[in-house]
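Notes follow the structure.
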Amino acid sequence: MSEIIASAAIRGARSIVERADKEYSDALPRWGAAQAVGFPNTAYYLPIIYAILGLQINTLGDIAPVLEHCKRLLPPPENDAASSYGIPQALDAGMAALFAEEIIETLRYMITPSFYTKTESPTDANLWLGAADDVILRRRGVEFVDGSAPGFATILGAAPSKDIAAAIAAELQRRNLYIFMCGEDHGISFSEQLRQEDIQVGWPSRLVPFGPDISSVVFAIGFAVRVAMSLGGIKPGDAKANMLYNKERVFAFAMPLGEVTDEWYANAAGAINFGFPIIADSLIPEILASDAGGNDIVVSNVPHDKIVARALDARGLKINVTTIPIPVAYGPAYEGERIRGDDIYLECGGGRTQMVEWCTSRQMDEVDDGKIEVIGPELSDISAGTKLPLAIVVEVAGRQMQEDYEPILERQIHHLINYAHGIMHLGQRDIAWLRVGKQAAEKGFAIRHLGVILHAKLHQDFERIVDKLQVKIYTDNDHVQRITALARAVYAVRDPRIDSMTDETTDTYYSCTLCQSFAPSHVCIVSPERAGLCGSYNWMDCKASHEINPNGPNQPVRKGELIDPRLGQWQGVNAFIMKASRGNISSYNSYSIIADPATACGCMECIAAILPLCNGIMTVNRDFTGMTPSGMKFTTLASTIGGGSSTPGFIGHSKYNIAQRKYLSAEGGIVRLVWMPKMLKDEIRERFNARAAEIGIPDLLERIADESIGITEEEILPFLTDKAHPALTMESIM
Ligand code: SF4
Ligand code: ZN
């Protein structure tokens, strides 16, 4: 059986390489060898070529040797009659096909720049997103590593009908998988079928329309090899390690739907190199575990209602699907969906009405577990397009429950509600925002189901501290105003607790090693004045998380003897870092960007870098995609410092950390900040100004440059001079 597949894959690969060769020979004289090429906004060049061959393709001229290599990977046609080809030749041909397709796609970016949207979601006019940039890679790649997305399915072609397409997509989404869609079958694509069914496609809904051409398969595999390099620490050019990482860690498979052409066979062979099995709906030769040893490699003729289960089976994926008793689908795949305009049935908060969420602890006898009350109008009492005020009060009782855990449970409300299909949730606390879509309303979703979700999930995820839980939901103005006032009084006590603590007032810090699954030597040391660099954990959170889960990633760290108060170094902390990094990092300084700064994983909210000419420091947040005065964009900075190493001159940190007192205090703290994006200034303004006032420079933020002033050191220096920025007269930073 495998001979038929091998011959088809070799034929297909030949035609793909020939096509790349022809398009390249046409383009070269027109554009010239020095013409820059590449996928947008990435530090990984053409990622498969970079990962497997270690070659950085920057210009058209760089492509020629890769094409030559592709040709060498294919057996010459004159041997066909005499030879019988097997799996090894097919795998080589598959790899050649992938390299050639990356070339085809990069030429497409050069020749037809508007072919892909280069965004997270399609536009009305264009369905095809093209390659994921590094911002998407980091945001989504982390989900593969932390388990919120077990892997991805690459669908080639189209289902026989749009409702079969919708059913397959829903099955995959229910398993929290990403669905990468490439190519078409007889003029129709799976992505188009979903769109016809009014299903939201794009990265946020995990249904990713890469491209209409089969060559867009390289965007799926290019994503996987970049996960291995960026999060798995696999070196570019280490082909074997990359393939093994994907085989063992990235649970992916390919699902060709429709007629399997020679080109499809070639791509399938390419995918098999990475351990991704092929599950087809058509009758093609199979390579099963019984022939191959280990796992099924090619499974065919699978009925559409069984195809998802069969694929998971072939990949050995066990996924627990939790069912929550609500009338809409539920899971992380629905977290990012958007509900807009005419699709809105009910809207609460978001500046239109008041909305508040509050979690509080109660005595055991005050909570009737599972009781959900809606006080005020329900969804059935209102008409489409209504706006209501909303207060969600989660009351928890438990022998292990403590006041400190309330904010942790409260913070879950956002993603737990967002997981419901057709419900959108943004923000938190008294600035929350909720939309219920018409489709969800039609399916019978009611306001009380918000309580059903919170009851089921908080019990499940926080078993240790939640014994009993009830939810009260208010939708009438008087009650909502009253609850808002109550909640605000609680926030006013909660917030200053961490802000009033200093590193000196405690002898115990907390570690976070959650990111070690992909940055094995990375350790966050979280102290009262230094939050974790992802922005998700401050000292209080780590303390609570340790109590909830004593063997988890947040462990108490005794500071021990003070080694350097200025740089922030303690004996006990050093010993912990040494052990937790398995001997890779012997120590780091908590307060310095220059002298052995803290390690960085991949999920820092911001990256700070030294600007020598301005004698200061800049910082840039992940959401800012433009150039910065360091000469690098966020994505490039992230790949420079990430992966668990300590890089003098650079540091990853959270947004919250900027206004904390120990922020880069060894170099002078916020007084050194000379540049940050405008959006970041706006976001942290209130806390930053309070901190600036505390150090006697209340207008500091206005003296810090942003992209409207310039994006090079030379451009911003006159502004800083004009504003008499204090950094200019400080001692030299170098
Ligand atoms: Fe934990 Fe640090 Fe990773 Fe955040 S960045 S999850 S604090 S290790
Ligand atoms: Zn991280």
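We count ligands from 1, going down the list as the structure has it; atoms in each ligand are counted the same way. Quick note: residue numbers are just sequence positions, from 1. Just so you know, these numbers come straight off a predicted model, no measurement behind them.
Within ligand 1, counting atoms from 1 as listed, the ones closer than 4.0 Å to a heavy atom of Cys512 are 1 (Fe), 6 (S), 7 (S), 8 (S). With ligand atoms numbered from 1 in the order given, ligand 1 contributes 5 (S) to contacts under 4.0 Å with heavy atoms of Leu533. For ligand 1, the atoms lying closer than 4.0 Å to a non-hydrogen atom of Gly532 are 7 (S).
Under the rule for a side chain to side chain donor-acceptor pair (under 3.5 Å), the partners of Asp682 that lie at least two apart in sequence or sit in another chain are Arg685.
In Cys601, the part holding a heavy atom less than 4.0 Å from any atom of ligand 1 is the side chain.
Electrostatic pairing of Asp430 and Arg488 counts as a salt bridge here, judged by a charged N lying under 4.0 Å from a carboxylate O. Salt bridge Glu403/Arg494: absent, no basic N to carboxylate O contact under 4.0 Å.
The closest side-chain donor-acceptor pair between Asp238 and Asn242, if any, does not fall under 3.5 angstrom.
Within the structure, the ring pair (Phe, Tyr, Trp, His ring centres under 6.0 Å) test picks out the following pairs touching residues 523-555 (sequence neighbours left out): Tyr510-Trp539.
Residue Cys534 does not count as close to atom 2 (Fe) of ligand 1, with no N, O or S atom under 2.8 Å.
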